[in-house]
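Working notes, beginning with the structure itself.
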Number of protein chains: 2
Amino acid sequence: MDTSATMVDVEELRGAATRTVGVLKILANEDRLLLLCQLSQGERCVSELEEQLGIRQPTLSQQLGVLRSEGVVATRRQGKNIYYSVAEPAMLEILALLYRLYCPRSESDGD
Amino acid sequence: MDTSATMVDVEELRGAATRTVGVLKILANEDRLLLLCQLSQGERCVSELEEQLGIRQPTLSQQLGVLRSEGVVATRRQGKNIYYSVAEPAMLEILALLYRLYCPRSESDGD
DNA sequence: CAAACAATATATAAATATATATATTGTTGT
DNA sequence: ACAACAATATATATATTTATATATTGTTTG
């Protein structure tokens with residue numbers, strides 16, 4: 001048996017896969033993806049997100065809760081409103097790539 | 001109300017999100033991610049994947065079935081073995097980014 | 001054609017995730 | 001302090017995914 005450095009060892013690969021899948025699961029939900037998409041454009045409060053994305057409040061709250069507990073968004077309270085923003089730079093990189101690959105530039109957008 | 005071009009309209013955004021989430025769901029499973037990772041390095045047959053990743057045969061077959069039905073892998077039969085490879089260039093781009101972001105280069109690897 | 005083996009398919013129990021309704025907490029302005 | 005409103009929390013039915021056991025299909029070689 002060859003336990004030397006011919007390939008990345010399986011355990012290490014598994015570890016990386018577990019971490020990566022954690023991130024991917026966060027993104028693999030339409031509401032959360034839309035939320036992160038919108039937040040990648042800049043900070044938004046919940047009522048803005050509700051209006052801009054057409055996601056109803058309880059769903060919004062549940063999914064923002066997921067994003068908070070996973071630490072991918074930061075929150076800031078201002079008066080009655082809580083403003084959300086993307087806290088993970090890596091997440092922004094992934095969103096940017098996904099946008100480039102799958103988001104149609106509506107009409108002419110200087111491709 | 002302003003229905004003009006101030007922002008990407010919600011329906012179009014939803015459509016893109018639905019498609020993108022479809023891709024992300026494929027990736028958001030540890031076994032499938034490992035499979036695609038390995039396949040991104042080049043064509044492999046099932047028994048090779050089983051040995052290299054330590055995934056048991058039925059799981060392997062089930063998850064390769066998902067990848068096949070989603071059209072992200074291509075297959076080629078050679079004798080008793082079926083060789084798999086990644087069929088979607090976009091998938092390779094995503095895998096490359098994920099690798100860069102989350103896969104630890106073991107030991108020195110010229111960063 | 002039959003044995004041996006590689007791969008695929010099916011079935012189902014268990015675990016997760018999602019949608020939706022309803023209740024609670026926290027902040028502001030009077 | 002209380003009314004009004006923004007946000008969060010909880011509960012649960014439904015749907016989707018995953019793990020695991022078992023059966024079937026297909027190919028090669030004698």
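Letters A, B, ... are given to chains in the order of the sequence lines, protein chains preceding strands, and every chain is numbered from 1.
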query = Looking at residues at least two apart in the chain, or sitting in another chain, which of them share a side-chain hydrogen bond (donor to acceptor under 3.5 Å, both in side chains) with B/Glu43?
reply = B/Arg76
[X] [atom1] - [N] [atom2] separation (whole Å):
X	N	atom1	atom2	answer
B/Asn81	C/dA6	CG	P	8 Å
A/Leu33	C/dT18	CG	P	12 Å
A/Ile55	C/dT18	CD1	P	12 Å
A/Arg44	D/dA7	CZ	C1'	18 Å
A/Glu30	C/dA17	CD	P	18 Å
B/Leu67	C/dA7	CG	P	16 Å
A/Glu51	D/dC5	CD	P	17 Å
A/Leu49	D/dA6	CG	P	14 Å

remark   = Sorted by chain and residue number, the salt bridge (Lys or Arg N to Asp or Glu O under 4.0 Å) partners of A/Glu50 (sequence neighbours excluded) come out as none
request  = Tell me which of A/Ser47 and A/Lys25 sits closer to the 5' end of DNA chain D, going by the nucleotide each one is nearest to.
outcome  =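 With A/Ser47 and A/Lys25 compared, the 5'-side residue is A/Ser47.
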message = Once you apply a heavy-atom cut-off of 4.0 Å, does B/Tyr84 come out as touching a base, just sugar-phosphate, or nothing?
response =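 The answer is sugar-phosphate, as B/Tyr84 gets under 4.0 Å only of primed atoms, P, OP1 or OP2.
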ask   = Rounded to the nearest 0.5 Å, how far apart are CD of A/Gln41 and CG of A/Leu92?
value = 10.0 Å
query = Looking at CG of A/Leu36 and CD of A/Glu88, how far apart are the two atoms once the value is rounded to the nearest 0.5 Å?
reply =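 Those atoms lie 10.0 Å apart.
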remark   = Nucleotide by nucleotide, nucleotides 19-30 of chain D touches protein heavy atoms under 4.0 Å in the pattern (B base, S sugar-phosphate only, - none) BB-B---SSS--
message = Looking at B/Asp31 and B/Arg56, is any side-chain nitrogen of the basic one under 4.0 Å from a carboxylate oxygen of the acidic one?
response = no
ask   = Is a salt bridge present between A/Lys25 and A/Glu70, judged by a nitrogen-to-oxygen distance below 4.0 Å?
value = no
